[in-house]
Peer 1: 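My structure is below; once you've seen it, I'll send some questions.
We use all heavy atoms of the structure for the numbers below, so side chains are in, but hydrogens, waters and symmetry mates are not. Note that ligands are numbered from 1 as they come in the structure, with each ligand's atoms numbered from 1 the same way.
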Amino acid sequence: MSVLIKNGRIINASEDYIADVYTEGEKIVAIGKNLNYKADKVIDATGKLVFPGGIDPHVHLDMPFMGTYSSDNYETGTRAALHGGTTMVIDFILQKQGDTLHNALKTWQQKSIGKAIGDYSYHMAITDFNDHVAKEVVQMIEEEGISSFKTFMAYKGALMIDDGQMVQLMKVVKKHGGIVTVHATNGDMIDSLIAKNKSEGNLAPIYHYLSQPEITEAEASARFTDMLFYTDCPGYIVHMTCEGALNAVRKATQRNQKVFVETCTQYLMLDASLYEANFEGAKWVMSPPLREKKDRQALWSGINQGLVQVVGTDHCPFMWEQKKMGKDDFSKIPNGHPAIEHRLEFLYSEGVNQGKISLTKFVEISSTNAAKIFGMYPRKGTIAIGSDADLVIFNPKKEHTISVKTHHMNCDYSGYEGRKVIGKTETVILRGEIAIENNECLLKAGHGQFIPRTTTSKTVI
Ligand code: URP
Ligand code: ZN
Ligand code: ZN
C-alpha cells in the first residue's frame, strides 16, 4: 500500500516543518514540499501535526501478578495503544524464579505472536540470577534481539533480586552491550511498613501510599545508580515518581555519570490526594504510588533539564472485581492502572498545550528517546526516509473527554473519568498500513510484529 500525507506539520525530535510524506510498503520513501506521487490513499493533513508513532517502553500485557493477570492482552492492549497513537510497546517477560529465561520467552511468545495488532518488543525481567542465567542473558542479546534487562529492587519473594545479583548481572550486560532497567524502591523498607500498618489495623488503600514513602524510592535510585557507576553499565530507572529519586540521578551527573530515567503520565498529572477516597482509591494503587504536587513539578522540570528522557505508562490494568481482592487489605490490591491509550493526548494536552514542554520535546519523550535508548533507532522513533512508516496525524485543536465509555482498554473504569483533553489522535499508520481512522481500528490480530533490538550501549542522547 502507498500513502501520501499532504501539508502536515511534521515534528521530529529536532525538526518542525510543513511538508508532504509519502510511504510505500512499510517504509517512508519521500518527504518534501508538493510531492507528486500517485498513492493508494491521500490524506490532507493541513492544520494537523504529524508525529512519529509513539513508543511506550513500559507496559504489562496479560501479566501474572499478585495472584491474577493484568486485564489487557496483546490484542486488546496494542489495539488501545494504537487508538492513542502508540504504534509500538515494550512489554516485560517475567522469568519465574528457579526457571530459565528461554522458558519465559516461550511463554511470552505464546501470548503475543499472532495476537498483537501493534508492534512490540520485550524487556527480559531477571528475577533469579545465576551462572546459567548469565549465559542466557548473552543469548538473549546476541540471538533473540532482547537487549534490555529489567530488575526489581522490591516485591521480595516474587520478583526482587539482591544487590549481589544486581552487580553480577550488570557486569554481564555491560560486557555484551545491553542495558539494565530497574524498579527502584527499597523492598525491605516497604515490606516492613506494610507489616506495621497491617498490624495496626490500617488496611485502606491510602496505606499503600503511606507504606512507600519517597525515601524508599530515593534510596533505591541512589543505590542502583551507584551500582551502575561501579560496574560502568548503562542503566535506566523506570516509572520514577519523585523529587528525591530524581535528585539521586542529578547528583550522579556531578561525577559525569549518565543514567536514563523514565516517568509515566500518571506521575505528571495526578497526586496522592486520590487515595483519600476510601476504597475508590484502589483505582490508583500502583507502585510506586502517586506523590505530591512538588514531585510533579520536579518531574516536568526534569524533562526539560534532560534528566528524564522518556514518558511511558506502566500500563497494568485490572478490572474492578480484581481490585476488590484487596477490599479488606490494601496489600492485596493488584498494583497498576489502565493508561496505554491516552499517553500522547495527555502529554500534548497537559504538556505542550499548557506550555510545559515544546513540541519537539514531546516527540523526544514519547517516541525518539525510547527508540534510541532501547536500540531501534532510526527504524523507529523518527520521520525519516527509510524509517518504518509509523505515523500519527494529530488534531491539536480537538477537545474530548476521557471516559470508560469511550476508551478501548479492557478495563471497566478509567482513572481519568471526565477529564477534558485538548488534542486528539485522528489517523494512525503502522508500517505503512492505516491502523486507526474515524475512531476505528482497521488492523487485525497478528498484524503486530516483534521488533528485535540491537545492543544499546553505543546510544548517545
Ligand atoms: O503498580 C505497578 N507498577 N504495577 C506493575 C508492576 C510494576 O511494578 O511495574
Ligand atoms: Zn515497577
Ligand atoms: Zn511496570
Peer 1: Tell me: protein heavy atom nearest atom 4 (N) of ligand 1, and distance?
Peer 2: Asn335 O, 3.0 Å
Peer 1: With respect to Lys150, determine whether any N or O atom, backbone or side chain, lies less than 3.5 Å from an N or O atom of ligand 1.
Peer 2: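 No, there is no polar N/O contact under 3.5 Å.
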Peer 1: Report yes or no: does His58 have an N/O/S atom closer than 2.8 Å to the Zn ion (ligand 3)?
Peer 2: yes
Peer 1: Should you measure from each heavy atom of His239, which atoms of ligand 1 turn up under 4.0 Å away?
Peer 2: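 The atoms of ligand 1 under 4.0 Å from a heavy atom of His239 are 8 (O), 9 (O).
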Peer 1: Pick whichever of Phe152, Phe318, Tyr155 has a heavy atom sitting closest to atom 8 (O) of ligand 1.
Peer 2: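 Nearest option to atom 8 (O) of ligand 1, by heavy atoms: Tyr155.
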Peer 1: Could you identify the N, O or S atom of Asp314 positioned closest to the Zn ion (ligand 3)?
Peer 2: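 Asp314's closest N, O or S atom to the Zn ion (ligand 3) is named OD1.
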Peer 1: With atoms numbered from 1 as shown, which atoms in ligand 1 lie under 4.0 angstrom from a non-hydrogen atom of Asp314?
Peer 2: 2 (C), 3 (N), 5 (C), 9 (O)
Peer 1: Suppose we only allow N, O or S atoms; which atom of His183 ends up nearest to the Zn ion (ligand 2)?
Peer 2: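 Relative to the Zn ion (ligand 2), the closest nitrogen, oxygen or sulfur of His183 carries the name ND1.
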Peer 1: Look at Asp91 together with Lys111 and state whether they make a salt bridge at an N to O cut-off of under 4.0 Å.
Peer 2: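 Here Asp91 does not pair with Lys111 in a salt bridge, since their nearest N and O are not under 4.0 Å apart.
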Peer 1: Taking the side chain as every heavy atom from C-beta outward, state whether Leu299 and Arg291 have any atom pair closer than 4.5 Å.
Peer 2: no
Peer 1: Any heavy atom of His58 closer to ligand 1 than 4.0 angstrom?
Peer 2: yes
Peer 1: Among protein heavy atoms, which lies nearest atom 1 (O) of ligand 1, and at what distance?
Peer 2: Ser287 N, 2.7 Å
Peer 1: Which atoms of ligand 1 have any heavy atom of His60 under 4.0 Å away?
Peer 2: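 It comes down to these atoms of ligand 1: 5 (C), 6 (C), 7 (C), 9 (O).
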Peer 1: With the threshold set at 4.0 Å, does a side-chain nitrogen-carboxylate oxygen contact exist between Lys283 and Glu417?
Peer 2: no
Peer 1: His183 heavy atoms, cut-off 4.0 Å: which ligand 1 atoms fall inside?
Peer 2: 8 (O)
Peer 1: Side chains of Phe51 and Asp390, heavy atoms from C-beta outward: is any pair under 4.5 Å?
Peer 2: no
Peer 1: Show which atoms of ligand 1 fall inside a sub-4.0 Å distance from at least one heavy-atom site of Met286.
Peer 2: 1 (O)
Peer 1: Checking Asp412 against Lys323 for the salt bridge (Lys or Arg N to Asp or Glu O under 4.0 Å) test, could you report, in this order, the C-alpha distance in whole Å, the side-chain angles of both residues, the deciding distance, and whether it holds?
Peer 2: CA-CA 11 Å; Asp412 52 4; Lys323 285 281 183 182; over 6 Å; no
Peer 1: Specify the closest pair of heavy atoms between Thr265 and Val311, including all atoms of both residues, with the distance to one decimal.
Peer 2: N-CG1, 3.7 Å
Peer 1: Is any N, O or S atom of His239 under 2.8 Å away from the Zn ion (ligand 3)?
Peer 2: no
Peer 1: Can you tell me how far the OG atom of Ser147 sits from the CD1 atom of Ile179, to the nearest 0.5 Å?
Peer 2: 8.5 Å
Peer 1: So does Met286 get a backbone contact from the side chain of His208, meaning a donor-acceptor N/O pair under 3.5 Å?
Peer 2: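 Yes; judged by distance alone, with no hydrogens or angles, the pair exists.
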Peer 1: Going from CD on Gln139 to NE2 on His176, what distance comes out if it is rounded to the nearest 0.5 angstrom?
Peer 2: 10.5 Å
